[in-house]
Each structure stands twice: as structure tokens, then as C-alpha cells.
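One structure is given below, encoded as C-alpha cells.
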Amino acid sequence: MAKRYFITTPIYYVNSYPHVGTTLTTVVADVCARYHRMLGQPVYFLTGTDENGLKVAEAAEKAGKTPKDHTDFLAEEFKKTFLAMNVSFDDFIRTTEPRHVEATQRFFKILQDNGYVYKGVYEGWYDVSSETFYKETDLVDGKSPDGNEVRWVSEENWFFKLSAFQDRLLEHIEANPTFLLPVSRKNEVVSFVKQGLRDMCITRANPGWGIPMPGDDTKVVYVWFDALINYLAATGWPEGDWQDIWPADVHWMAKEIFTRFHATLWPAMLMGIGVDLPRHVVAHEWFTFGDMKMSKSKGNIIEPLELAGDIAAKTGCKSEIAIDVVRYSLAAQLPYGGDTNYTRDEVDRLYNGDLANDLGNALNRTLAMAHKFVGGAIPDAEIEQEAKDAIQHARSEFDRYMDSFQINKSTESALGLIRFLNKYIDTRAPWALHKDSNPALPNVLRSMLACLRAAEGLIRPIMPTAADEMARQLGLPPTKLWSEIGSDTNLPAGATLATPEPIFPRLDPKKNAESKESKIQNPKSKMETQNPTSNTPPLSPQPSALSPQEITIDDFAKVQLRVARVVEAEPVEGADKLMKLQLVIGEEKRQIVAGIRLNYKPEELIGRQIVVVYNLKPRTMRGVESQGMVLAAVDENGGAILLSPEKEAPEGATVR
RNA sequence: GGCGGAGUAGCUCAGUUGGUUAGAGCAAACGGUUCAUACCCGUUAGGUCGUCGGUUCGAGUCCGACCUCCGCUACCA
């Protein structure tokens with residue numbers, strides 16, 4: 001069997017639901033997978049979930065579930081979301097599956113046999129209460145950063161000889177210029193590796209959740225180490241025909257897990273067991289949601305399926321089409337050079353501009369003309385050279401960008417063909433040709449239809465449902481193969497065109513503004529008409545940004561506020577905002593740490609009366625215990641403005 | 001404070017190895033068209049490419065310093 005084109009996404013950590021970011025990577029990988037299938041290549045598209053690691057166990061406990069139930073539930077949620085997003089994965093791997101556990105253990109064993117794993121002592125200051133190791137330099141006053149007691153522990157653990165691969169790694173990167181992409185990221189990796197790689201501790205004491213180390217089940221394999229192996233585990237390695245799938249053709253991911261893990265550790269691990277390296281490792285940048293442009297509290301939405309639902313509701317397009325719209329917005333905006341702001345407004349702009357006005361309308365007007373001028377069938381005529389050129393150009397551009405994984409630019413190339421078409425229609429003016437009974441008319445209409453047919457193929461990896469609908473309206477079966485795009489046989493003459501129907505109904509900004517308003521006002525007015533005289537509060541009052549949750553006087557009474565006098569003040573060493581205050585509250589002495597150094601110097605505090613929370617649970621900051629909290633207003637810089645009695649108050653007076 | 005990223009047209013962004021009048025889309029103004037989802041096409045306007053220095057015949061592009069913004073994080077119970 002021919003080697004499959006193997007595409008992966010990262011496996012997603014199952015501590016929350018999938019959001020726009022994880023969907024971005026997954027959808028982009030899906031576009032890639034669908035494209036390669038259309039090229040006629042056998043494809044293997046893998047995604048999955050990362051379920052080991054202590055944090056998962058902790059999250060499960062918090063949710064009152066066993067780790068198994070917890071991960072079963074969330075893995076299912078990821079799967080459901082991806083399927084709903086029309087992600088065509090061939091395999092969904094979970095790192096708790098036997099195939100992954102076995103592969104990890106074998107991998108470990110081979111590395112060990114090859115001499116790349118050695119036993120060492122992992123030493124450090126161990127904070128028992130938080131189960132974390134700290135370096136000497138992390139400690140504050142001999143305690144952990146959280147202020148807990150630490151003890152010197154040297155735990156025997158296993159290390160991976162990452163340092164041994166430094167040179168080979170650099171050679172490989174050098175010899176394969178497209179191994180790491182984009183280039184700016186590659187350079188980052190090179191300088192990272194040149195700084196020197198340190199061996200990595202790859203086991204941990206067994207917390208009862210994770211993959212036991214072969215031959216020593218008091219240890220588990222470090223979660224990052226096992227996670228990477230999923231890519232190989234899914235191929236069936238080392239059994240059977242795993243080499244039909246491996247090496248991976250492309251590992252897709254976001255930038256934060258690129259340099260240290262996928263571009264460094266993972267290749268070194270593979271070298272260590274003598275298995276080929278992936279062909280391409282690609283990192284995209286992030287979507288940001290700056291200015292809180294998209295957030296639930298603002299009534300905007302970032303959960304992909306909710307976003308799709310919202311688009312469908314707002315525009316009146318079919319819900320499956322709305323999924324495509326989200327996919328398009330992700331593909332079109334895939335960030336490369338830097339983070340991109342992903343906003344609801346931008347999604348609307350893409351919808352109206354690219355999809356409704358350009359693509360949808362081009363189909364609509366072409367079909368309408370075909371019905372009026374040439375009897376509603378694909379004419380048997382010549383495609384004009386201009387149109388042929390445009391189609392070839394769009395396709396080769398699409399391919400070129402796809403080769404370098406710039407999905408956003410490929411997407412633009414597809415739309416470029418539509419932009420050409422709209423200009424072409426204007427220039428050739430079929431309505432004028434029709435009026436003059438010009439013999440060129442069928443040629444022009446066939447050319448127009450050819451552009452649409454090609455566009456249907458080009459957008460298919462990105463918007464499979466919309467492509468199907470385009471094909472249906474063109475009266476043709478879906479384009480299956482990339483090679484059919486632009487071919488004459490893919491546009492059989494005589495096929496009956498369907499009645500045009502807007503795939504992407506235009507979003508009217510005016511209407512939208514109105515509906516937004518009514519949406520907000522509706523519930524209120526509804527309630528008033530239903531129950532005009534009653535003051536019954538809603539059943540479940542929800543805290544919101546506009547109306548902070550109310551508390552009762554009893555709640556407030558729990559907080560004891562007292563007037564205190566500052567007798568000493570000194571900066572906390574190693575901190576630049578913290579001030580250590582010695583206070584007298586009535587007869588009692590207290591020490592409080594406060595983040596007020598931005599606005600105050602020690603000498604201007606001494607002797608001053610301030611207000612403190614008297615019955616707050618003590619807490620240690622930077623190794624210094626704080627027995628309370630001072631009250632202060634927050635200025636525009638985030639600095640503190642202390643509250644003081646307006647005139648001298650009795651020592652230790654209560655405040656209410 | 002640390003780490004990471006970014007500062008190019010009103011907005012969202014492109015700008016390959018430094019090379020003539022710095023681009024696209026949206027928004028705006030004007031004009032055209034009528035097949036179409038009040039759409040499409042064309043024209044115009046709008047930028048001292050964050051600031052200041054440096055290298056160079058020549059810098060948005062390279063170097064240095066600084067300023068601003070964002071994300072994560074740390075010490076604002």
C-alpha cells in the first residue's frame with residue numbers, strides 16, 4: 001500500500017471544553033486532510049486527547065469523578081465538537097488507551113536499550129503540600145514561593161539524554177529547510193538548540209494516574225514525554241504496516257508547544273529509537289481576543305458551535321452552512337506572522353463580503369442569467385481563454401500556498417477566482433450580448449459557470465457543505481478530485497441548472513442592530529407584560545458585569561474592619577510591589593503585607609492610621625506572613641490609594 | 001519584575017534575500033451598470049511604515065537605545 005499522507009493535530013489536554021483556539025488547529029489540519037484526499041492521496045488524519053498527568057487526576061477529583069469517568073466524558077466532548085465542525089479525522093487517539101500505553105512503554109524501553117536513558121537523582125526542595133520541586137533560587141526565606149515548608153529531597157528518577165542530540169538536530173534542521181515552519185520559528189529553534197540542550201527528567205513518582213515506567217511502577221512517564229508518542233502509537237508502531245503511515249507528513253500545532261517539544265524533544269526522541277523524523281512541523285500563531293471584543297460577558301461568543309449557531313440565527317443561513325462559515329473564518333484568518341485578533345465583527349465582515357456578496361452572489365447572478373439567456377442548462381460552448389487562465393492561476397496559487405501550509409493564502413486564492421469572475425461578468429456584460437443576440441453569449445456563460453465549478457472544487461476542503469450546495473445548484477455531482485478542477489469534462493454540457501437559492505443570505509447590518517436591541521429588551525418587557533404588578537425576582541439571579549451579585553447585611557457583617565496604626569514599614573525583599581507593615585490594632589500587634597509600593601514609601605506610612613480587614617485568614621507572600629489586608633482604592637495604574645479615617649480615630653476602632 | 005508577541009491607511013492585515021511613486025480587503029466619497037443576495041465594476045481620497053540614533057549609494061526591511069500596547073507569569077488576601 002502506498003504511504004499515507006499523515007496529518008496530526010496536537011492531542012488536547014482534557015481539562016476543559018474545546019474552544020476557538022483548539023478548533024483553529026483542528027480545522028486547519030482538516031482543510032489539509034481534505035485537500036490531500038482530493039489530490040488522490042490516501043490520508044491518515046489523527047487527532048485526540050491527552051489524558052495523563054497529575055492535573056487531569058486533580059481536575060477529576062475536583063469534579064467529583066474518577067479520572068477515567070472524567071476523561072471519558074471530556075474526550076467525548078472533544079470528539080463531538082470536532083465531528084460537528086465537520087472535521088474528518090480518521091483516528092482519535094486517547095493516551096489512556098492500551099495501544100498508547102504499550103507504545104510508550106516500548107519506546108521507553110528501546111531508548112533505554114540504546115543507552116539514551118539513565119538513572120539519576122532528581123534533587124530539589126520539595127514542597128509536600130503542593131507536591132512540587134523547587135530550585136534553590138526559587139526559595140524565599142527558606143520556604144517555597146507559596147510559603148510552605150520545604151524539605152530537601154533527592155528522588156531517583158530517569159533522564160533522557162537530550163543533550164546527546166544537539167548536533168544531529170541542528171544538522172537535520174539545516175539539511176531540511178522546510179522541516180520546521182514557518183522560517184521565523186525555525187530560527188528560534190536553532191538558537192534555542194545552540195544555547196545548549198539539557199537532559200530531561202522523564203519520570204515522576206507514581207501518583208496513581210499515568211503510564212507506569214516499564215520495570216518500575218513506582219514511577220510514571222512524564223506526561224509530555226508520553227504525549228508526543230501518540231503520533232507514533234496511532235500508526236501501530238512497531239507492529240505490522242506502521243510504515244504505511246509513518247513518518248508524519250505534517251504535525252500541526254500552535255506556537256507555544258513548538259520550540260521545546262515538537263521541534264526539539266520529539267525529533268530527539270525519534271532519533272534515539274532510530275525512527276524517521278516527521279517531514280514537516282508547523283506552528284501557527286494565536287488568535288487573541290483583545291479589547292474583549294469577543295466574550296460571553298459582552299454577549300459575544302467564542303465557543304465554535306455557539307458561534308455557528310449565532311451566525312445561523314443572525315443571517316438565516318442553514319446551520320450546516322454556518323459551520324462552514326466558522327471554518328472559513330478560521331482558515332482565512334490563520335495567523336502566521338503574529339497573533340491575529342479574532343472578532344465577531346470580522347467574522348461578520350468575512351461573511352458578508354467574501355461569502356454573501358462575492359461568492360454567493362456570483363453563483364446567484366450566473367445561474368439567473370443562465371436561466372434567462374441560455375435555457376437553464378450548461379451550454380455547449382468554448383470557455384474563453386481569460387477565464388481558463390484565471391482558473392489555472394487560482395488553482396496553482398492555491399497549491400503553492402498549500403505546499404507551504406499557508407492555508408489562509410490558499411483560501412484567498414480561491415476567493416480571488418470569484419473576484420475575477422465578478423469583474424469578468426461586468427466586462428463581458430452578458431445581458432448586453434443577449435440584447436444584441438451576440439454569438440459569444442454561450443461562451444461567456446460557459447466561462448462563468450466554469451469559474452464557479454472550479455471555485456466549488458477549490459473551496460471544498462474549507463467549506464465542504466457549501467461546496468456540495470454549489471454543486472447541487474450547478475446541477476452537477478460534487479467535484480471529487482483536484483485534477484478535475486478546471487477540466488472541461490467536469491462541466492458536462494446540457495446539465496440542468498437548479499433554481500438559484502442564496503447559500504449565504506446577506507446580513508443586513510441595520511436589521512442586525514435592531515434585532516440586537518430587541519434581544520436585550522425582550523426578556524424584560526416580556527416579564528413586565530406577564531406580571532405587571534409583581535416584584536417577584538427572577539428564579540435564579542445570575543451575577544453579571546452590569547449587576548454585581550448582591551450580598552446581605554449578614555454577609556457583610558462577616559467582614560470585620562478595624563482601624564490600625566502603622567508603626568513600622570519596610571519593603572519586602574525580592575519583591576517590588578510588596579511592603580511589610582507592622583501595625584497596632586488597639587492592644588494587638590499585627591504584621592500585614594500589602595502591594596502598595598507603587599504609590600508609597602515606608603517613611604510616609606509610619607504613624608498613619610489605615611483600615612484593615614481584621615479577620616482575614618493569614619497568608620504568606622514571598623515568605624512573609626500577612627495577617628490581614630489593608631483597604632485601598634485602585635488608581636488608573638493599578639496602584640493602591642490607602643483609605644484612612646478622615647480624622648484621628650480611637651485606636652483599634654471598628655469600621656462599618 | 002520575568003518570559004513571549006506586536007507596533008504599516010479609520011478598521012483587519014500583506015510586505016520575499018534592504019532597491020524606483022509602500023499594497024490588499026473592509027469602511028468613506030464620487031461615478032458606472034442592472035444579470036444578481038440594495039449586489040457587482042471603476043475612480044478618488046487617506047500612511048513622516050511607534051520614536052531617536054546608526055550601518056548603507058539606498059531601510060518598513062539590518063543594528064542599537066527608548067516608548068506604547070497585548071498575552072502569560074510572578075509579589076498587588
Please measure how far the C1' atom in G23(B) lies from the corresponding atom in G60(B), and state the result in whole Å.
12 Å
Derivation and outcome, side-chain contact (heavy atoms from CB on, under 4.5 Å), residues Val655(A) and Arg562(A)
CA-CA 5 Å; Val655(A) 175; Arg562(A) 302 279 294 269; 5.7 Å; no
Of the candidate nucleotides G15(B), C35(B), A38(B), which contains the atom at the shortest distance from the side chain of Arg506(A)?
A38(B)
Donor-acceptor pair, side chain of Arg446(A) and main chain of Ala381(A), under 3.5 angstrom
yes
Nucleotide of A36(B), C40(B), G5(B) approaching Asn422(A) most closely (side-chain heavy atoms):
C40(B)
Expressed in whole Å, how much space separates the P atoms belonging to U12(B) and G7(B)?
12 Å
Could you work out the separation of A77(B) and U55(B) based on their P atoms and round it to a whole Å?
50 Å
Met369(A) CE - U34(B) C1' separation (whole Å)
10 Å
Which nucleotide in C35(B), U37(B), A77(B) has an atom nearest any side-chain atom of Phe373(A):
C35(B)
With sugar-phosphate meaning primed atoms plus P, OP1 and OP2, does Ala356(A) contact a base, only sugar-phosphate, or nothing at under 4.0 Å between heavy atoms?
base
Starting at CZ of Arg419(A) and ending at P of G42(B), how long is that distance when rounded to a whole Å?
11 Å
Between CG of Leu497(A) and P of C35(B) the distance, given in whole Å, is 18 Å
When rounded to the nearest Å, what value does the distance between P atoms of C66(B) and G46(B) take?
36 Å
Take atom P in A27(B) and the same atom in C41(B), then report the distance between them in whole Å.
11 Å
Heavy atoms only, 4.0 Å cut-off, all strands: where does Asp358(A) land among base, sugar-phosphate and nothing?
sugar-phosphate
Using atom P of each nucleotide, how far apart are C49(B) and C11(B) to the nearest Å?
16 Å
Check: Leu507(A) main-chain N/O paired with Thr315(A) side-chain donor or acceptor under 3.5 Å:
no
If you only use heavy atoms from C-beta on, which nucleotide in U12(B), C40(B), U37(B) is closest to the side chain of Glu346(A)?
U12(B)
Out of A77(B), C35(B), U37(B), minimum distance to the side chain of Ala594(A) belongs to A77(B)
From CG (Leu367(A)) to CE (Met470(A)), nearest 0.5 Å
8.5 Å
Could you measure between the two P atoms, the one in G5(B) and the one in G64(B), and give it in whole Å?
14 Å
Is it the case that the side chain of Ser437(A) and the backbone of Leu433(A) share a donor-acceptor pair, with hydrogens and angles ignored and the cut-off at 3.5 Å?
no
Nucleotide of U34(B), G42(B), C40(B) approaching Trp431(A) most closely (side-chain heavy atoms)
U34(B)
Stems in RNA chain B: runs of 3 or more consecutive Watson-Crick or G-U pairs, distances under 3.5 Å?
B:1-7 with B:67-73, B:10-13 with B:23-26, B:28-32 with B:40-44, B:50-54 with B:62-66
Would Phe261(A) and Trp266(A) count as a close aromatic pair, with their ring centres under 6.0 Å?
no
Against Gln582(A), only a single residue in Lys589(A), Glu568(A), Gln591(A) fulfils side-chain hydrogen bond (donor to acceptor under 3.5 Å, both in side chains); can you say which?
Gln591(A)
Option from Ile321(A), Val31(A), Leu355(A) for which side chain to side chain contact (heavy atoms under 4.5 Å, CB included) with Met463(A) holds
Leu355(A)
I want to confirm an ordering. Mapping Lys409(A) and Ile425(A) to their closest nucleotides on RNA chain B, which one lands closer to the 5' end?
Lys409(A)
Establish, with yes or no, whether the OP1 or OP2 oxygen of U34(B) is under 4.0 angstrom from a side-chain nitrogen or oxygen of Lys435(A).
no
Give the rounded distance in Å between these two atoms: CE of Met448(A) and P of A36(B).
11 Å
Whole angstrom is fine here: how far is it from CD1 in Ile418(A) over to P in C41(B)?
11 Å
Over how many whole Å does the gap from Asn408(A) atom CG to G15(B) atom P extend?
9 Å
Would you indicate what Pro430(A) reaches in the nucleic acid, counting non-hydrogen atoms under 4.0 angstrom: base, sugar-phosphate, or nothing?
nothing
Pro505(A) vs Asn357(A), nearer the 5' end of RNA chain B by closest nucleotide:
Pro505(A)
Atom CZ of Arg349(A) to atom P of C13(B): distance rounded to whole Å?
10 Å
Before accepting this row, confirm whether a basic side-chain N of the pair Glu469(A)/Arg472(A) lies closer than 4.0 Å to the acidic partner's carboxylate O.
yes
Looking only at atom C1', what distance separates C13(B) and A9(B), rounded to whole Å?
11 Å
Could you give the CD1-to-P distance, from Ile257(A) to G4(B), as a whole number of Å?
18 Å
